[in-house]
Amino acid sequence: MSTLPFVAHVLDWYDENARDLPWRTADASPWGVLVSEIMLQQTPVSRVLPAWQAWMSRWPTPTAMAADEPGEAVRMWGRLGYPRRALRLHECAVAITTRHDGELPTDLDALLALPGVGAYTARAIASFAYGQRHAVVDTNVRRVLSRVVTGVADTAPGSAARDLALAEPLVPDDPAVAAKYAVAVMELGALVCTARAPRCADCPVVDDCAWFRAGKPAYDGPAKRPQGYAGTDRQVRGRLLAVLRDATGPVPQGALDVVWNEPVQRARALDGLVADGLVDPLPDGTYALPGAARAN
DNA sequence: CAGCCGTGGCC
DNA sequence: TGGCCAAGGCT
């Protein structure tokens, strides 16, 4: 079948405008792609870049990482945010080492079975690392397709199934072209068709865009409720974990108590960290990153 | 499925 | 200044 104009324009644009990102180079390993995808979940590229370099330098393979304690992954994660991702990445390394002989699986279902790898990330790895043909839908693609195809400024929170149904008809037949298209649409959303101030004057698909043709009507859908952060358990968890990250070993209860003055919320946050496996309560009443006691 | 899970930069 | 946003996933 012939390639749609939209797709062809996106592909041509990508040839000239793709960023030079280290996980996109020809010698980037599937493991490197996986690490980048996990880090990029809700964290901007600029902050991921140095973290990815350090991570790959320390743990060039899943097997190397699996040999270290999970707490080391949490510590190395630093301030990327959502530290459960670090834990899941370590679990991934262990699963890949024990179940897949240290090599990332290429099969979509096997990728989906890995901890922390969902509908987006599994398809991203299968596409970027293995050149398979998949509809790869992240927040960028969702926004681009919402505008270009549906003519709506922004995306109402939708289901993965609905996203894939919208995206699938546009995916080129040839796997190699499809893989390039997948990264190219994402790039367009990240650089041109942005959430706040889309650069329609520089957009390669402005003539294909239903939203632009309609005069760029403002978003009219259901309001997304603000997330909030100050005063939440998330903020307390962040402070507690920062203490453990910055310590060289187990810390006494008192070192944690000083970061938040409200004892009920503080205790709830700490319990949550323990329940998530991000913190180990030790028999002597101190606390440590998971596995740190064993490593000492 | 709605709510939860960190952090920092930008307008 | 502060709400919004950034390559989601899990329960």
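So you know, we letter chains A, B, ... as the sequences are listed, proteins then strands, and number each from 1. All values below were derived from every heavy atom in this structure, side-chain atoms included, with hydrogens, water molecules and symmetry-related copies excluded.
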- request: Evaluate the side chain to side chain contact (heavy atoms under 4.5 Å, CB included) criterion for residues A:Met56 and A:Ser29: first the C-alpha distance (whole Å), next the side-chain angles of each, then the deciding distance (0.1 Å), finally the verdict.
  value: CA-CA 10 Å; A:Met56 295 306 293; A:Ser29 66; 4.1 Å; yes
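- Going from the P atom of C:dA7 to that of B:dC4 covers 23 Å, rounded to whole Å.
- Of the two residues contacting DNA chain C, namely A:Gly189 and A:Val117, the nearest-nucleotide position lying further toward the 5' end is that of A:Gly189.
- Checking B:dG6, B:dG8, C:dC5 against the side-chain heavy atoms of A:Arg196 singles out C:dC5 as nearest.
- Taking atom CG on A:Leu278 and atom P on B:dC5, their separation rounds to 12 Å, with Å as the unit.
- Between A:Asp271 atom CG and B:dC4 atom P the separation is 17 Å, expressed in whole Å.
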- request: For A:Trp55 and A:Trp77, run ring pair (Phe, Tyr, Trp, His ring centres under 6.0 Å): C-alpha distance rounded to whole Å, both residues' side-chain angles, the deciding distance at 0.1 Å, then the answer.
  value: CA-CA 8 Å; A:Trp55 197 279; A:Trp77 195 254; 5.7 Å; yes
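- DNA chain B is contacted by both A:Pro44 and A:Asp276; A:Asp276 maps to the nucleotide lying nearer its 5′ end (nearest heavy atom per residue).
- Between the P atoms of C:dG9 and B:dC1, the separation comes to 16 Å (whole Å).
- Comparing the P positions of C:dC4 and B:dG3 gives an interatomic distance of 16 Å, to the nearest angstrom.
- A distance of 8.5 Å separates CZ of A:Arg88 from CD of A:Gln41, quoted to the nearest 0.5 Å.
- Side-chain contact between A:Val74 and A:His90 is absent, with no heavy-atom pair separated by less than 4.5 Å.
- Distance CH2 (A:Trp52) to P (C:dA6): 23 Å, rounded to an integer number of Å.
- Put simply, CD on A:Gln227 is 10 Å from C1' on B:dG3, counting in whole angstrom units.
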